[in-house]
Amino acid sequence: MNTLITTLFNGVSIGTVLLIVALGLAIVFGLMGVINLAHGELMMLGAYTTYVVQNGFKTYLGTESQGLYIWAAIPLSFVVAALVGLALERGVIRFLYGRPLETLLATWGVSLILRQFVRSVSWGMVGGLLAFCGLFFGGKWLLGKSARIPSYRQNLVTTGLFLLSGAIAWFVGSNINNDPQLARPWFSARNVDVTAPGWLQGSIRVTAGIQFPASRLFIIVLTLLCLLGVYLFLQKSAWGLRIRSVTQNRDMSACLGIPTAQVDAVTFALGSGLAGVAGFAVTLLGSVGPNLGVNYIVDAFMVVVVGGVGNLLGSVIAALGIGIVTYLLGSGTMVRLLGGADGGAVVSFFDFFATTSMAKVMVFALIILFLQVRPAGLFPPKGRSAEV
Amino acid sequence: MTKLGRRKFLAYGSAAAGASVFLKACAPEPETEVEADSGASPAAAGADSDVITVGILHSLSGTMAISETTVVDAEELAIEEINAAGGVLGKQIVAVKEDGASDWPTFAEKAEKLIDQDQVAVVFGCWTSASRKAVLPVFEEKDHMLWYPVQYEGQECSQNIFYTGAAPNQQIEPAVDWLLENKGTDFFLVGSDYVFPRTANNIIKEQLKANGGTTVGEDYLPLGNTEVTPIIEKIQQALPDGGVIFNSLNGDSNVAFFKQLKSAGMGPDQYPVMSVSIAEEEVRQIGPEFLEGHYAAWNYFQTVESPANEKWVADFKAKYGEDRVTNDPMEAAYIMVYLWAQAVEAAGTTDIPAVREAAYGQTFEAPEGLVTMQPNHHISKTVRIGEVRDDGLFEIVSSTDGPLEPVPWNQYVPDTKGYACDWSDPAKGGRYKTEA
C-alpha cells in the first residue's frame, strides 16, 4: 500500500513538472502549430523574474517578507513572459505562420539571443537598447507623420535612420559602460540562487512511512490551477471561443469578423505566460541559470507530441504517464515489485534500466514504440481541423 | 513566396550587420588579452631581458568561465605580489592571458600559441581533466611546463605538468576514511554521468570493500538533469534508517539534489552528504540553508586558521571586493605561482629542465599550511573535512596532522596498484613498479 501511494505521488509529481512546462507549449504548438524553440527561454525569463522579485522583497521589505514573495512572483513571471512572448509574436513569428522550418530556425535564434541576453545584460546594454529603440522607432514614426517621403526613398531613409540611431545608441551604451558599477552584468553567466520560503522547503508527513515534499505538493496544486484556468479561459470566455474558432478554421473565422491577428497574439502571449509560470515552478526544484530552459524543452515537446497535437487532455495524460513510467523505471520500484534482485531475466532487464540515465533511454524507446502504433499521439485531431 | 528585392536586401542586410555590431558593442567590455602586471614599475615591460613572460590559459568564456576566472584572479594576485616584492631573478613577471573558451581543442591551440609565439617561461592553466588531457601532448612534444591547480582523478604523472591540486589520496580517500569512522559504513554514491565521478566512485567502491564498508547503491545523473526524485526514492529504499551519501555531482544538478533532498525531509543528521566538488563559491550559489550541516573534503577552506591564510584572504578581498570568497582551487593556483617563482630563483634561470630539477623539494608556507613539491610532480597537502555553516563558509571538523604525501597512481585500483612516479630519477620516470 505504501509503495502504491509513494509511487503514485512521485510519478504524479514528476508528471506535473512535465505538464506545467508543456502546458504553454500545448497551446503554442498544439493549438497554433508554431514550433517555438524559444519556449524554454521564456521559462528561463519567468525563473529570473522570480529571482528579481525575491531580491526586491528582500531589499525593500526586509527578510521577514521572505515567505510572501512567491505570491507576487507567480503573476509577475506570467506577465513578463507573456509580454516577451507578445513581442516575439508581433516581431518575428507572425511573419512566419505556415512556414514551420523558418519558424524553427528563427525561434532557435531567438532562444540563443535570450540566453546571451541574460548573461550579459547590464545598464549600459539596456541604456543602449532603449536609446536605439526610442530613436529608431520614434524617428520612423515622426517621419511617417510629418515628412512626405517618396516610396522609392523609404528604404534609404530607414537605413540611414537605423545607422544613425545605432551609432548614437552605441555611444550611449559604451559611455554608460565606462562606469564599472553600471557596466557590471545584472546576472552574469553565473547561476543565481532562488530560495523557496521556509514552509515550502519542508515536507508533510502523511503516515508513518510516507512524506510528501511541500514544494512538490505546491507544484501539483499550481499545475491544477493553471490547467483549470486555461480550461475555463478556452471554454467559457469570449476570447477562448475566438481562439478555438481560429484553430478550427482560420479563413472562415476571418470571414465572420474575428480579428485573427489579435487572436494569434493573445494565444501566443497566453502560452508564453504559462511558460513563465512554469519557470517559477522549477525554481522550487533546481537552479536558475541561462541554460535552464534547454533542460526542459525536449521533454515539453515530447509530452505534446505523445498527447496529440491540439489536445490539452492528451498532454495531461501524456505528462502523467511519462512521469509515472520514468519513476517506476528509474527508482528501481519496478524491480522491487517484481520480487527483488533474484527474479530471473525480466527482473534483471528492469534492473539494467533502473538508473536515471537508462530510464530516460527506456522512456524514449517506449515513446517511439507508441508513436509507431499511434503516429498522431493519444488524441489525434479529427475531421476538418486535421486537414488544415 | 515574396521576392527579396535588391533594395530590401540592402536594407535588411545593413540592419542585420548593424544590429550585430551594436549588440557586441553594448555588452560589457571583454577582458583584455595581454596584461602587464608589472605593478609599480610599468617601465619594466620594455626590453625582453627585463621581464619574464608567463602564460595564463583558462576559460574566460563559456560554461567553465564561472570557475576558471576565479582561479585567474588568484594567479594574478600572486604575480602582482611577487612583482611588488621585486620580481623573479630581479625581473618583473608579465602575464599573457589566453582564453581556452571551455573548448578543449582551443586549449591545445592556445597552448601552442603561448609556447611558440609568446615564448612564455611557463604556463599556468586548465581546470577540467578534459582540457588538461588536450594540452598534455603539446607540452610533452615541446618539452614545456604546465602548472595545474585543480583536484583531479589521478592516474596521470607527466614530466611536463606540475599538479598542485589534490590527488585522490589527498581528498577522496581521506574523506571516505573519515566517514567510515564517524558517520557510518553504508554508502550511497551519487554522481554526474561522466568520467570523473565514475572513476572516483570506482576508487571509493574498492576502498569500501577493503575497509569494511558497503556500497548500497549508486546512480548517475546526466549533466544538467534536475529531476532527482527517482534517486531520492532509491536512497530511501537502500538506506531506510539513514546512511552516508557520497556526492560527486557537478554543476546545476547539485542545486536540484540538495533542494529536493531537504524537501524530502532528509537532513544531515540522518543522511550526511560528503561532496567533493562543492567549495565556498558553490555554496553561495546553491544557498547555505540547503547545505548547512553537510560536509565537503578539501585541502583548503577559507576558514583555515593561520597567519598566512588571514593575510591571503585579506589581500584577496582588498583586491577583488569584500563579497568575494576564496576556495581550494584558487588557493592551489595561488601557491603554484609562488612554487614556480621559487624554483626559478633556485635554478637561477627560466630554462625548463633546470627549473624542473629545482622545483623538487621546494616548500611554501601556503594558506593551507606547509606544502612541498614532490619528485612525482604533485605536492604534499593537508587534508581537511569541513561542515557547512549557516554563513556559507565551512567549519573545519577534521584535518590531518600534517601534509599527506601525494599518490598519483591509485593503490586501490588493481591496474595501477604497486606503481609510483619519480621524475628526479631518470631510471624511474612517470610510472615504475615499486619494490613491494
Side-chain angles (χ1 to χ4, degrees), chain A residues 6 10 13-14 17 120 122 124-125 127-129 132 152 155-156 158-159 162-163 166 169-170 173-174 177 183-185 189-193 195-196 200-203 205 211 213-216 282 284-287 289 291-292 294-295 326-327 329-333 336 354-357 359-360, chain B residues 5 7-8 10-15 18-19 21-29 61-63 65-66 193 217-222 224-234 236-238 240 251-257 259-260 262-266 281-282 284-290:
Chain A
T6 35
N10 285 329
S13 61
I14 297 177
V17 174
S120 51
S122 64
M125 190 166 166
L129 275 177
F132 174 78
Y152 63 91
N155 287 328
L156 194 67
T158 308
T159 314
F162 183 91
L163 291 177
W170 185 346
S174 30
N177 271 352
R184 251 180 53 185
R190 199 181 290 270
N191 283 6
V192 296
D193 166 28
T195 307
L200 275 178
Q201 287 180 17
S203 59
R205 184 175 289 272
Q211 283 190 3
S215 55
R216 293 287 188 169
V282 299
L284 298 177
L285 301 176
S287 74
N291 287 335
L292 175 134
V294 188
N295 298 332
T326 308
Y327 176 75
L329 291 171
S331 70
T333 310
R336 265 183 291 120
T355 65
T356 309
S357 308
K360 238 182 162 147
Chain B
R7 286 224 177 81
K8 269 211 165 134
L10 272 178
Y12 290 151
S14 57
V21 167
F22 166 72
L23 280 177
K24 251 203 140 70
C26 284
E29 290 284 310
S61 59
T63 40
I66 296 169
D193 205 353
E218 61 177 313
D219 204 345
Y220 298 92
L221 270 183
N225 195 320
T226 51
E227 186 55 82
V228 298
T229 306
I231 287 193
I232 286 178
E233 173 65 18
K234 262 191 191 169
Q236 283 174 335
Q237 287 297 338
D252 296 2
S253 306
N254 268 315
V255 186
F257 182 68
K259 274 190 180 177
Q260 295 180 38
K262 180 164 185 189
S263 66
M266 298 160 72
E281 194 68 43
E282 286 75 20
R284 275 212 310 188
Q285 282 181 36
I286 298 171
E289 63 275 27
F290 296 105

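Everything quoted here is computed from the prediction, not taken from an experiment.
For the 3.5 Å distance criterion, the side chains of S331(A) and E233(B) fail to qualify, holding no donor opposite an acceptor.
Proximity to chain A is limited to the backbone of I286(B), based on heavy atoms less than 4.5 angstrom apart. Interface residue F290(B): only side-chain heavy atoms are found under 4.5 Å from chain A. Heavy atoms closer than 4.5 Å to chain A are found in the side chain of T226(B), but not in its backbone. Neither the backbone nor the side chain of L329(A) comes within contact range of chain B; no heavy atoms are under 4.5 Å apart.
With rounding to the nearest 0.5 angstrom, the CD1 atom of I232(B) is 13.0 Å from the CD atom of Q237(B).
Take E281(B) and apply the side chain to side chain donor-acceptor pair (under 3.5 Å) test, not counting sequence neighbours, and it matches R190(A), R284(B).
Considering only heavy atoms from C-beta on, R216(A) stays 4.5 Å or farther from N10(A) through its side chain.
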Worked verdict on T355(A) versus E218(B) for side chain to side chain contact (heavy atoms under 4.5 Å, CB included): CA-CA 8 Å; T355(A) 65; E218(B) 61 177 313; over 6 Å; no
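Of all the listed residues (Q236(B), E227(B), K262(B), E289(B)), the one sharing the greatest number of non-hydrogen pairs under 4.5 Å with chain A is E227(B). Contact count against chain A (heavy-atom pairs under 4.5 Å) is highest for S263(B) among S253(B), P240(B), G287(B), S263(B). Of all the listed residues (I231(B), V255(B), L221(B), V228(B)), the one sharing the greatest number of non-hydrogen pairs under 4.5 Å with chain A is V255(B).
Under the side chain to side chain donor-acceptor pair (under 3.5 Å) test applied with T356(A), the options D219(B), T229(B), N225(B) reduce to a single match, D219(B).
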